[in-house]
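In what follows, chains are A, B, ... by sequence order, proteins preceding strands, each numbered from 1.
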Protein chains: 2
Amino acid sequence: MLEQKSPRSKYRLKRQSLPEALADSLRERILNGEFKEGEPLVQEAIAAEYECSRMPVREAFRQLEAAGLIVSKIHKGAVVTTLPSEQIMELFELRAMLECDILTYALSRMTDHHLDMSEQVLEQLEDAYHKRDIAKVGALNWEFHRSLYVPAHRIQTLALIQGINVQTDRYIRLQLLLTSAFEEAEQDHRQILKLCRSHDPSVVEFMRGHIIRAGHNLLDALSTRKTSGTAA
Amino acid sequence: MLEQKSPRSKYRLKRQSLPEALADSLRERILNGEFKEGEPLVQEAIAAEYECSRMPVREAFRQLEAAGLIVSKIHKGAVVTTLPSEQIMELFELRAMLECDILTYALSRMTDHHLDMSEQVLEQLEDAYHKRDIAKVGALNWEFHRSLYVPAHRIQTLALIQGINVQTDRYIRLQLLLTSAFEEAEQDHRQILKLCRSHDPSVVEFMRGHIIRAGHNLLDALSTRKTSGTAA
DNA sequence: GAGATATACACTGGATCCAATCTACATAAG
DNA sequence: CTTATGTAGATTGGATCCAGTGTATATCTC
């Protein structure tokens, strides 16, 4: 818990405030489904768990609220956000639009170095997938997409996409538990990388399909879960 | 300062925590240029101004940071974000893409009621513009755009667009001080409303031009300011 | 016994206090 | 005179404490 991430310099020391570290950890736990939709997050309980006061917890909550992962009502506390299925699909549609846009920018600027990096991430992703390490798959899935977009140098767009991916990650990880539809996504990823290597503009539309299909697959999985098993 | 906003019910009482109210007020002050780019925000000073402790200020800062208006480094405090001009233009391009998308959804669902509401906002906007009330123009400009998008029922998209508009608002208000390019925007707004009334799909492309032009006009204004007057 | 009122407990909101870190200035060494 | 070191003041980070609100249970009235 509370590990630091993405060290730029080789000897980078802990440079993160407690609230940020807490937010990172809590975000991860929400995405992993440890805190389920609608579940209340009690300041005191979290504080006790991390052996700190409620103060940094409150600041972390503000961050998570801004990211759309929780909502907090005054004097009533925070609960994990619940999204209706239309809004989940809307998130995937937003991703499709924004990621296709940024990929168009990125495509002409990708170097072999970039592509090798992406391939490396993809290999890790495939490895994690075969080991059924859900959390790692979720994180690496985004990391792979992200690696393709970096060459675009579209800072604001990338930040926006990252925010949306945090939200969809939650459902992607859920889907990994429910279905085996991710097999298909795996093949997509290889194809995407291949098209990128040849700088083929058709990759943009392929990416759109990849994202939209993921959304539909997920919604199918969610609806069948709801109709069939109403497990607590 | 710290007034409540958007009362849905007629007798809505204060239902906002201090940090939220603070964030609203500080956001407004940043957008109005009272706190300039790169200017540090000192917790104690703000707390003294609002006659509260530093605690709610810190939580408000977290919100503003998530909105991209400030950045805070550990043990070094918060400063108002400075964006390079490419990123400002990128924000306008994002707006163009997202707002055109949502407008397409909204167009077929707009009722006369919706359109009348929009017209009402537009009249207030024109009024504020003629009175040179910069803050009001900024707020109402977004409110007009927003009113056109509400019928689309695209909650996530609208939230995203709102976030970007908060950022561009800052520069729009700056532009109002620097240039008279907003005249043109005023005419655009009337034209947009007219096209919406006839549910003419060409309004989407018109909107795109409206937003992109606004971005270019702004960058022109900013660059001439930088090259000519290097006023403190 | 059902509904309204009162009260106790749990939790959040905010203030004050202490510790840790940064910055700036002063001082000393080369 | 320049650079390095040390120290004091300012400012942020985090903990503890108190107050206010919400909820649930118990009590009272009809």
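Sequence order on DNA chain C of the closest nucleotides to A:His75 and A:Met55 puts A:His75 first from the 5' end.
Picking from C:dG14, D:dG14, D:dT23 the nucleotide with the shortest atom distance to the side chain of A:Lys76 gives D:dT23. When each of C:dT16, C:dT12, D:dG14 is scored by its nearest atom to the side-chain atoms of A:Ser17, the top-ranked nucleotide is D:dG14. Closest to the A:Pro56 side chain, of the nucleotides C:dT12, D:dG14, D:dG13, is D:dG14. In this structure, the nucleotide among D:dT16, D:dG14, C:dC22 sitting nearest to the side chain of A:Leu18 is D:dG14.
In this structure, A:Arg146 forms no cation-pi arrangement with A:Phe144, as its terminal cationic atom is not both closer than 6.0 Å to the ring centre and no more than 45° off the ring axis. Figure legend: A:Arg29 and A:Phe35 shown without cation-pi pairing, the cationic atom not lying both under 6.0 angstrom from the six-membered ring centre and within 45 degrees of its axis.
In this structure, CG of A:Leu22 is placed 14 Å from P of D:dG13, rounded to the nearest angstrom. Whole-Å rounding puts the B:Ile46 CD1 to D:dT12 C1' distance at 14 Å. When rounded to the nearest whole Å, the span between CZ of A:Arg54 and C1' of D:dG13 equals 17 Å. Here D:dA19 presents its P atom at 19 Å from CD1 of A:Ile74, a figure rounded to the nearest Å.
The aromatic rings of B:His189 and B:His145 stand perpendicular to each other, their planes meeting at an angle above 60°, with 30° marking the opposite boundary.
With hydrogens and angles left out, the side-chain atoms of B:Glu28 and B:Ser25 include no donor and acceptor closer than 3.5 Å.
OP1 and OP2 of D:dA10 both lie 4.0 Å or more from every side-chain N or O belonging to B:Gln43. Not one side-chain nitrogen or oxygen of A:Lys73 sits closer than 4.0 Å to the OP1 or OP2 atom of D:dT21.
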